Number of protein chains: 2
Amino acid sequence: MNDSSNSKLGSSDKLLLAALHLIAEKGYNGVTTLEIATAAGLSEKTLFRHFGTKQKLLEAAFDRYHYAEEMKKLFAEKLVWDLERDLLLVCTTYHEIMNRNRKMIQISLKEDEGQLPGFRARTQKHPQQLLEILTNYFIEMSEKGKIVTTNPELHAFTFIMMHFGAFMNDLDAQKSYPGITLAPFVQESIQLFARALRP
Amino acid sequence: MNDSSNSKLGSSDKLLLAALHLIAEKGYNGVTTLEIATAAGLSEKTLFRHFGTKQKLLEAAFDRYHYAEEMKKLFAEKLVWDLERDLLLVCTTYHEIMNRNRKMIQISLKEDEGQLPGFRARTQKHPQQLLEILTNYFIEMSEKGKIVTTNPELHAFTFIMMHFGAFMNDLDAQKSYPGITLAPFVQESIQLFARALRP
DNA sequence: AAAAAGACTGTCAGTACTTACTGTCATGCG
DNA sequence: CGCATGACAGTAAGTACTGACAGTCTTTTT
């Protein structure tokens, strides 16, 4: 259940995962190096031997575990120009990536930019790419006559905001809206767009 | 420009505002009592004379500046059963309230529940109420034959998630999507729903 | 009007605790 | 042997919080 219980990992990875987990939960200033080391099942001394400072530990964790593949590759050859199918692909891919970077996103939210140079830029890279891709998709779908869209970028933005909102709502352990799960929401959001954009 | 530059405020309010502002920006553990007092233009000693402890200062700030009026009152007698008009009212009211509680929401996001008992519950109160109101609204509109909705609660949730996402995106000073402003987005989101739910 | 009282604040010195980080030496392990 | 680690002690800095005293300004009293 706990990240650090995996005994197959090397010491560095145990520390990185424990750091990521605890900092995401309690914030950088809310966790001590002793806490992190203990959670990793190691001594504090080992932590400093590996990473020198607490800052470098966090930076190393970000570098090691931030998923950074290009969004465009994820959609290459996969779009079939059927609105509902393609939107489902976009949705699932979006939520998958956001969930993979969940801890990093939580950290970026909690800490201010001054102390985490460049971290926020990285967490925002995927959403920005996706907006571009989805905008172009709407434009092309419109040219094919399969949908009507007056403002493709705004439509793409709206679609992404829906799912960004749902993701952020889910990020919080103590959810704002219990009783609503992701899958039906995804389905509904797609049908909504399909009906609204239908020629 | 700065909160604490308003010389008409009493010392307590200067401290509360400075605390709210700084804690929202750098987190509870990221700010010192000396910093807060200095930002308020007062001495650290005065801070402790007024509030005793740092915790109580934050709690007092939350109590004093959290906007807590019942959502239902805000919509009483104001809904006219015209979808586009009513959704616009819901949108603007939602964004207004969320913005009014912006600092409190930022703090709730940064700090974990263990140290801020009950804070998160208060920031989540408005969204939950709104979901209820909007769900009932969709049900009634459906009964009036003005819209078709297969799952009113999910539709309401979807609508709110769109705007929650937009708000969260805007919360960040370093926005993910520059060049997109709120007003056109609100307009588009309403038209989207109007088209999708039209009988 | 003058004096006295009271409320509020600043300065400064200081305490107690936490915490990032280091040094030294011993131990286990291939 | 060589390498990684742990146990332990310790340092230096930061920080929440306190106490003592003095200054200022307003209000009250004479």
Side-chain angles (χ1 to χ4, degrees), chain A residues 3-62 64 107 110-112 114-117, chain B residues 2-62 64 107 110-112 114-117 119:
Chain A
D3 290 331
S4 54
S5 64
N6 192 337
S7 52
K8 293 179 183 177
L9 270 51
S11 294
S12 281
D13 280 318
K14 284 186 203 166
L15 288 165
L16 293 173
L17 286 171
L20 224 43
H21 179 239
L22 288 173
I23 295 175
E25 188 183 336
K26 316 211 285 180
Y28 181 80
N29 290 312
V31 189
T32 69
T33 51
L34 179 60
E35 255 180 295
I36 296 172
T38 304
L42 296 166
S43 76
E44 196 185 6
K45 184 77 203 180
T46 302
L47 186 157
F48 283 104
R49 268 198 274 253
H50 279 249
F51 302 101
T53 72
K54 192 184 178 188
Q55 271 286 338
K56 285 181 186 168
L57 168 65
L58 175 56
E59 286 164 18
F62 231 81
R64 176 97 165 78
I107 293 174
K110 282 183 209 279
E111 313 302 329
D112 60 344
Q115 307 193 6
L116 309 190
Chain B
N2 194 348
D3 290 330
S4 52
S5 64
N6 193 337
S7 53
K8 292 180 183 176
L9 270 49
S11 294
S12 281
D13 280 319
K14 283 186 202 167
L15 288 165
L16 292 173
L17 287 171
L20 225 44
H21 180 238
L22 287 173
I23 295 176
E25 189 183 336
K26 316 210 287 180
Y28 181 80
N29 290 314
V31 190
T32 70
T33 51
L34 178 59
E35 257 181 292
I36 295 172
T38 304
L42 296 166
S43 76
E44 196 185 6
K45 183 79 203 179
T46 301
L47 185 157
F48 283 104
R49 270 199 272 250
H50 278 249
F51 301 102
T53 71
K54 192 185 177 187
Q55 271 287 341
K56 284 182 187 168
L57 168 64
L58 175 55
E59 286 164 18
F62 232 82
R64 177 95 165 75
I107 294 175
K110 282 184 211 279
E111 313 302 327
D112 59 346
Q115 307 193 7
L116 307 191
F119 282 27

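Just so you know, these numbers come straight off a predicted model, no measurement behind them. Residue numbers begin at 1 in each chain, while the letters A, B, ... track the order of the sequences.
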Inset, instruction - For L42(B) and dG23(D), give me the distance from atom CG to atom C1', rounded to whole Å. - result: 16 Å
Legend entry - Derivation and outcome, side chain to side chain contact (heavy atoms under 4.5 Å, CB included), residues D13(A) and R64(A): CA-CA 9 Å; D13(A) 280 318; R64(A) 176 97 165 78; 2.8 Å; yes
Legend entry - K45(A) side-chain proximity, nearest of dA16(D), dA7(D), dT5(D): dA7(D)
Inset, instruction - Find the distance between NZ (K110(A)) and CG (N29(B)) and round it off to the nearest 0.5 Å. - result: 11.5 Å
Legend entry - Start and end of chain A contact along DNA chain C [non-hydrogen atoms, under 4.0 Å]: dT19(C) to dG23(C)
Inset, instruction - Quickly, which of L9(B), T46(B), I36(B), L47(B) forms a side chain to side chain contact (heavy atoms under 4.5 Å, CB included) with K14(B)? Name it, please. - result: L9(B)
Inset, instruction - Check L16(A) against A61(A) and note the closest heavy-atom contact, atom names and distance. - result: CD2-N, 3.4 Å
Inset, instruction - Would you name the heavy atoms of F51(B) and K56(B) that are closest together and state the gap between them? - result: O-CB, 3.3 Å
Inset, instruction - Could you tell me the separation between the CG atom of L22(B) and the OG1 atom of T32(B), rounded to the nearest 0.5 Å? - result: 9.0 Å
Inset, instruction - Tell me, with the steps shown, if T33(A) and L57(A) meet side chain to side chain contact (heavy atoms under 4.5 Å, CB included). - result: CA-CA 10 Å; T33(A) 51; L57(A) 168 65; 5.8 Å; no
Inset, instruction - Pull out every residue in residues 26-33 of chain B that has a heavy atom closer than 4.0 Å to any atom of DNA chain C, ordered by number, or say none. - result: none
Inset, instruction - Work out which heavy atom in L15(B) is nearest to a heavy atom in A40(B); give both atom names and the distance. - result: CD2-CB, 3.8 Å
Inset, instruction - Compare every heavy atom of E44(B) with every heavy atom of L34(B), then report the nearest pair and how far apart it is. - result: N-OE2, 3.8 Å
Inset, instruction - Mind listing the residues from residues 46-55 of chain B sitting with a heavy atom below 4.0 Å of DNA chain C? Number order is fine. - result: T46(B), R49(B), H50(B)
Inset, instruction - Output yes when a side-chain donor or acceptor of Y28(A) lies under 3.5 Å from a complementary backbone atom of Q55(A), and no otherwise. - result: yes
